[in-house]
Undergrad: 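One structure is given below, represented as structure tokens, and several questions about it will come after.
Each chain gets a letter, A, B and so on, in the order its sequence line appears, and its residues count up from 1.
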Number of protein chains: 2
Amino acid sequence: MSTEAGPQLVHPTPAETAMLVGQGLADDALITLFGRCRVEYDGRATSTLGPGDRHVMLKPDGAALVHTDEGQQPVNWQPPGCEHTVAVESETVVVESERSTPAESLRITFEAVVHAAAFDVTDASELSLTGTESDLRERILDDPDLVEPAFTPLATERSTPAGAVDIYGEDDDGRTVVVELKRRRVGPDAVGQLSRYVGALERDLHDDTEVRGILVAPSVTDRARELLAEKGLEFVSLEPPGE
Amino acid sequence: MSTEAGPQLVHPTPAETAMLVGQGLADDALITLFGRCRVEYDGRATSTLGPGDRHVMLKPDGAALVHTDEGQQPVNWQPPGCEHTVAVESETVVVESERSTPAESLRITFEAVVHAAAFDVTDASELSLTGTESDLRERILDDPDLVEPAFTPLATERSTPAGAVDIYGEDDDGRTVVVELKRRRVGPDAVGQLSRYVGALERDLHDDTEVRGILVAPSVTDRARELLAEKGLEFVSLEPPGE
DNA sequence: AGTTGCATCTCGAGC
DNA sequence: GCTCGAGGTGCAACT
């Protein structure tokens, strides 16, 4: 059976729009609206957006997205789990989306709706993604010599007082090694992260043997390299498998 | 004049869809498609997504978004600046989006198109947002005593070998103070950041007087508080202005 | 173009 | 629910 088209309206009246959106919300449909609107948001921050043409999407999981003609990111949004409502106020369509923890509300006021639609969505497929940090970890566990000859991984995600280290192991001389993985070129933040783990382990183990810290990533910025040197940490260039 | 509706098609044929998309791309329209499709991506990583119903948006700035029924984030996307193309291959509509630096390509293959539309977008308004870190900085510059009595800001975004500090100043005793601002509750990463700045300034100034580091945020996690204590850094609870 | 750090970051996993 | 870190993070400001 072919996919059914849901209701579609072009230049609907406020009442028609509210009817379609209300029914779409009841049916757990994916709803899209396009038209001239204003947007107000209040919650973790506060924002207002004056009149303009935007695309609005209401998802059945409670997410809301307001897109302008530019940018990958929505200009306003609400995360999944929100309650959407629609109403007609003074001849304008008002879409609201709210949640309570944290208290956040989004209010979209349409002065003109150009298009409204509700779609029934069936999507059983999951995204398959390769080239992640997890893939880089598997690559190293398969061949620890990629870090250095005779490196021996002992644990992954080993917890320390400063957080979990990506790979915990020891070198040819039996010294403790902390490996921090990054799937792409790294800056100073990754050095700080590795440094925290090394420091925490040195305090935790509090034996005399030093703890080595190795950052594994495709490359580092100049500043990150300086920070590595200052803190006595090491760098190994390695990329996640490319498929 | 009221906003014009662009072309709208319900259950279009592949040829009709390709025509609408091609014309929309030529007109710098915002294009939406809904239907059953597969998606392949290759670039910074690699992904494949099997058949399912999704909403596709092509923006005039070259961004592409593929949304499922769940989540605030698109399941696949392409950033602004990409070249979009549409073609009919073996009776299916294929939308491709590519860029060269870095080399990335997105390929969406529709086995059924339920809806296709192209919208003319006019949006002159800019988002006004309050409650940001920048607002918190202004709040402190207006009243430095919020950090501590007799704190004197001397510079913002002062550069150090480890990066730019949010507020650079001195305390009542003339000691150098580094202030790191966060608009929300902070974890260990923010402590590492402040620590880097303090360390870099101590080396840079290399006089005997210590450099104080103060983290200003609404609150801190337990781990972050421990790290602050270990590194001899301080915390002041303060929120960005709420409106 | 590369670097750095903010973001209403989002998202998932662990606790 | 909170915490923590990854992300094809996006994004702007600056060099």
Undergrad: Students often get this wrong, so: under 4.0 angstrom with heavy atoms, is A:N76 touching a base, only sugar-phosphate, or nothing?
TA: base
Undergrad: Let me know the distance between CG of A:L215 and C1' of D:dG5, rounded to the nearest Å.
TA: 15 Å
Undergrad: Tell me which of A:G163 and B:R99 sits closer to the 5' end of DNA chain D, going by the nucleotide each one is nearest to.
TA: A:G163
Undergrad: Side chain of B:P188, heavy atoms from C-beta onward: which of D:dG7, D:dG8, D:dG5 has the nearest atom to it?
TA: D:dG5
Undergrad: Classify the ring geometry between B:F34 and B:H55 as parallel (under 30°), tilted (30 to 60°) or perpendicular (over 60°).
TA: tilted
Undergrad: Could you tell me the separation between the CZ atom of B:R223 and the C1' atom of D:dC2, rounded to a whole number of Å?
TA: 12 Å
Undergrad: Is any side-chain heavy atom of A:D189 closer than 4.5 Å to one of B:Q193?
TA: no
Undergrad: Side chains of A:T109 and A:R38: any donor to acceptor distance under 3.5 Å?
TA: no
Undergrad: Considering only the P atoms, how many Å lie between D:dG8 and D:dC4, rounded to the nearest integer?
TA: 22 Å
Undergrad: If you assign B:A224 and B:P79 each to the DNA chain D nucleotide with the nearest heavy atom, which residue ends up on the more 5' nucleotide?
TA: B:A224
Undergrad: Can you tell me how far C1' of D:dG7 sits from CZ of A:R183, to the nearest Å?
TA: 8 Å
Undergrad: Nearest-nucleotide wise, let me know which of B:T101 and B:Q73 is further upstream toward the 5' end of DNA chain C.
TA: B:T101
Undergrad: Do the side chain of B:Q78 and the base of D:dG8 come within less than 3.5 angstrom through a donor-acceptor pair of N or O atoms?
TA: yes
Undergrad: Give a yes or no on whether a salt bridge exists between B:R196 and B:E180, defined as a side-chain N under 4.0 angstrom from a carboxylate O.
TA: no
Undergrad: Hey, are the side chains of A:F119 and B:D53 touching, using non-hydrogen atoms and a 4.5 Å cut-off?
TA: no
Undergrad: Test for a donor-acceptor pair under 3.5 Å between the base of D:dG8 and the side chain of B:E104, counting only N and O atoms.
TA: yes
Undergrad: Output the single nucleotide from D:dT9, D:dG1, D:dG7 whose closest atom is nearest the side chain of A:R184.
TA: D:dT9
Undergrad: Determine the interatomic distance between P on D:dC11 and the same-named atom on C:dC11; round to the nearest Å.
TA: 15 Å
Undergrad: Quickly work out the A:E239 CD to D:dG8 P distance and round it to whole Å.
TA: 16 Å
Undergrad: Kindly write out the residues that satisfy ring-ring contact (aromatic ring centres under 6.0 Å, His included) with B:H67, not counting sequence neighbours, or none if the list is empty.
TA: none
Undergrad: Just the rounded figure in Å: distance from P of D:dC4 to CD of B:Q193.
TA: 16 Å
Undergrad: Mapping B:A164 and A:T46 to their closest nucleotides on DNA chain C, which lands nearer the 5' end?
TA: B:A164
Undergrad: With a non-hydrogen cut-off below 4.0 angstrom, is B:T132 in contact with a base, only sugar-phosphate, or nothing?
TA: sugar-phosphate
Undergrad: Any base atoms under 4.0 Å from A:R196, or only sugar-phosphate, or nothing? Heavy atoms, all strands.
TA: sugar-phosphate
Undergrad: Take atom P in C:dT4 and the same atom in C:dT8, then report the distance between them in whole Å.
TA: 23 Å
Undergrad: Take the protein atom CZ of A:R185 and the nucleotide atom P of D:dG7, then report the distance between them rounded to whole Å.
TA: 18 Å
Undergrad: At 4.0 Å (heavy atoms only), tell me whether B:E180 reaches a base, stays on the sugar-phosphate, or touches nothing.
TA: sugar-phosphate
Undergrad: Identify whether the distance between the nearest side-chain nitrogen and carboxylate oxygen of A:E133 and A:R183 falls below 4.0 Å.
TA: no
Undergrad: Under a criterion of less than 4.0 angstrom to any heavy atom of chain A, what are the 5'-terminal and 3'-terminal contacting nucleotides of DNA chain C?
TA: C:dT3 to C:dC11
Undergrad: For B:P80, report the nucleic acid contact type (base, sugar-phosphate, nothing); a contact means any heavy atom under 4.0 Å.
TA: sugar-phosphate
Undergrad: I'd like to know if B:D166 and B:R137 make a salt bridge, using a cut-off of under 4.0 Å between side-chain N and carboxylate O.
TA: no
Undergrad: A:D171: what forms a salt bridge (Lys or Arg N to Asp or Glu O under 4.0 Å) with it, not counting sequence neighbours?
TA: A:R175, A:R212
Undergrad: Whole angstrom is fine here: how far is it from CG in B:D222 over to P in D:dT3?
TA: 7 Å
Undergrad: Under 4.0 angstrom, heavy atoms only, what part of the nucleic acid is B:A162 near: base, sugar-phosphate, or nothing?
TA: sugar-phosphate
Undergrad: Rounded off to whole Å, could you give me the CG-to-P distance for the A:D189 and D:dT9 pair?
TA: 13 Å
Undergrad: Give B:G131 one of three labels, base, sugar-phosphate or nothing, depending on what nucleic acid heavy atoms sit under 4.0 Å from its own.
TA: nothing
